[in-house]
Amino acid sequence: MRAADIAQDLERVLVTEEQIQERLAELAAEVDRDYADREVLLVGVLKGAVMVMADFTRALTIDAAMDWMAVSSYGASTKSSGVVQIRKDLDTPLEGKHVLVVEDIIDSGLTLNWLLEHFATRGAASIEVLAAFRKPDAAKVEIDAKYVGFDIPSDFVIGYGLDYAERYRGLRDVAVLAPHVYS
Ligand code: PRP
């Protein structure tokens with residue numbers, strides 16, 4: 001759906017579909033170069049990363065294997081604890097692989113912090129991070145993300161995979177949710 005379809009639920013559009021696609025093409029060109037001489041395994045973190053994975057993979061000129069992981073914190077109230085539960089593990093062993101973790105957003109950084117530490121124990125040859133969006137002001141831990149689409153303010157954003165109570169993931173842009181929706 002487009003922002004105009006749910007205009008009453010939005011405060012403002014933050015990043016348009018066109019801007020997202022343009023930036024993903026730039027990042028894909030970087031990844032094309034960086035992995036020209038080695039195979040890369042793209043690891044998507046469900047569910048938010050579905051959109052960026054679909055668009056980013058198709059923007060690449062190199063072929064890349066794809067795998068998925070589903071994780072969740074132990075309930076919303078303990079999200080800040082950084083404790084993550086694996087709900088669906090990878091199908092691929094990481095031993096010797098060049099892994100590029102693909103995420104929709106780095107918020108506190110706790111999810112990726114845990115994932116990266118966990119992946120490090122699985123013997124990957126290298127691990128890098130691509131995130132479509134990052135909220136620098138919300139960081140509780142610093143994540144060394146090599147490829148970042150956009151730094152955005154710490155507003156309640158939805159769209160392009162980002163949800164509010166499972167809604168709005170299909171919005172093509174990223175937008176700030178109007179407070180009346182969640183208050
Ligand atoms: C979102 C997002 C990241 C994480 C980022 O996932 O996709 O995985 O939160 O937040 P953090 O940096 O504060 O850890 P969420 O748990 O909402 O699940 P979803 O992808 O299924 O929406």
Side-chain angles (χ1 to χ4, degrees), residues 1 6 9-10 14-15 17 19-21 23-24 27 31 41-57 66-92 94 99-122 124 127-179 181-183:
M1 59 197 167
I6 54 163
D9 290 0
L10 304 180
L14 207 56
V15 189
E17 177 183 11
Q19 290 170 323
I20 294 170
Q21 297 305 329
R23 184 74 186 113
L24 282 185
L27 293 177
V31 171
L41 171 67
L42 304 176
V43 169
V45 185
L46 294 167
K47 308 169 196 164
V50 166
M51 308 299 173
V52 57
M53 181 72 106
D55 288 336
F56 174 72
T57 313
M66 199 190 284
D67 202 348
W68 296 92
M69 186 135 178
V71 300
S72 66
S73 48
Y74 288 98
S77 61
T78 56
K79 184 152 189 173
S80 59
S81 70
V83 178
V84 168
Q85 187 180 31
I86 297 176
R87 294 198 178 276
K88 182 226 170 286
D89 207 340
L90 300 172
D91 298 330
T92 320
L94 295 187
V99 176
L100 178 56
V101 180
V102 176
E103 262 286 26
D104 49 343
I105 192 162
I106 302 173
D107 199 321
S108 68
L110 292 169
T111 304
L112 266 175
N113 188 54
W114 186 91
L115 259 183
L116 294 175
E117 282 180 11
H118 182 74
F119 284 172
T121 68
R122 296 193 186 185
I127 306 177
E128 299 292 353
V129 172
L130 180 147
F133 301 95
R134 178 173 62 185
K135 289 181 175 173
D137 299 338
K140 293 204 170 98
V141 285
E142 288 302 321
I143 298 296
D144 186 15
K146 188 165 185 182
Y147 312 98
V148 176
F150 300 89
D151 279 326
I152 59 173
S154 295
D155 296 314
F156 198 142
V157 290
I158 46 103
Y160 202 65
L162 300 166
D163 73 310
Y164 166 60
E166 297 301 325
R167 300 171 65 194
Y168 309 116
R169 288 193 202 272
L171 175 63
R172 291 164 175 260
D173 316 289
V174 164
V176 178
L177 195 59
V181 177
Y182 57 89
S183 58

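Just so you know, ligand 1 is whichever comes first in the structure, and atom 1 is the first atom listed for that ligand. Note that the structure is predicted; figures quoted are calculated from it, not measured.
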Q. Hey, does Gly48 come in under 3.5 Å of ligand 1, counting only N/O atoms on both sides?
A. yes

Q) Of all heavy-atom pairs between Asp107 and Ala138, which one has the smallest distance, and what is that distance? A) OD1-CB, 3.3 Å

Q) Atoms of ligand 1 less than 4.0 Å from Ile105 heavy atoms? A) 2 (C), 3 (C), 5 (C)

Q. What atoms of ligand 1 come within less than 4.0 Å of a heavy atom belonging to Gly109?
A. 11 (P), 12 (O), 13 (O)

Q.
Show the nearest heavy-atom pair for residues Ile143 and Asn113, with the distance to one decimal.
A. CD1-N, 3.5 Å

Q.
Show the atoms of ligand 1 that are less than 4.0 angstrom away from any heavy atom in Leu46.
A. 20 (O), 21 (O)

Q: Any atoms of ligand 1 less than 4.0 Å from a non-hydrogen atom of Ser108? List them with their elements.
A: 11 (P), 12 (O), 13 (O), 14 (O)

(Q) Below 4.0 Å, non-hydrogen atoms only: which portion of Arg87 touches ligand 1? Side chain, backbone, both or neither. (A) neither

Q) If you look at every heavy atom in Leu27 and Phe56, which pair is closest and at what distance? A) C-CE1, 4.0 Å

(Q) So if I apply the side-chain contact (heavy atoms from CB on, under 4.5 Å) rule between Phe133 and each of Leu14, Ile20, Asp151, Asp104, which one comes out positive? (A) Ile20

Q. In ligand 1, which numbered atoms sit nearer than 4.0 Å to a non-hydrogen atom of Asp163?
A. 22 (O)

Q) Which of the atoms of ligand 1 are close to Leu110, meaning less than 4.0 Å from one of its heavy atoms? A) 12 (O), 14 (O)

Q.
If we set the cut-off at 4.0 Å for heavy atoms, which region of Thr111 has an atom near ligand 1: side chain, backbone, both, or neither?
A. both

Q: Provide the closest heavy-atom pair for Val174 versus Gly159 in the form atom of the first, atom of the second, distance.
A: CG2-O, 3.7 Å

(Q) Within the 4.0 Å heavy-atom shell around Glu103, which atoms of ligand 1 are there? (A) 2 (C), 3 (C), 7 (O), 8 (O)

Q. Do NZ/NE/NH1/NH2 and the carboxylate oxygens of Asp163 and Lys47 come within less than 4.0 Å?
A. no

Q. Given that the side chain starts at C-beta and the backbone is N, CA, C, O, which of these parts of Lys140 lies under 4.0 Å from ligand 1, counting heavy atoms, or is it both or neither?
A. neither

Q. How close do Lys88 and Trp68 get, heavy atom to heavy atom, and via which atoms?
A. NZ-O, 3.1 Å

**Q.** Least distance between heavy atoms, Tyr168 atom then Ile6 atom
**A.** CD2-CD1, 3.6 Å

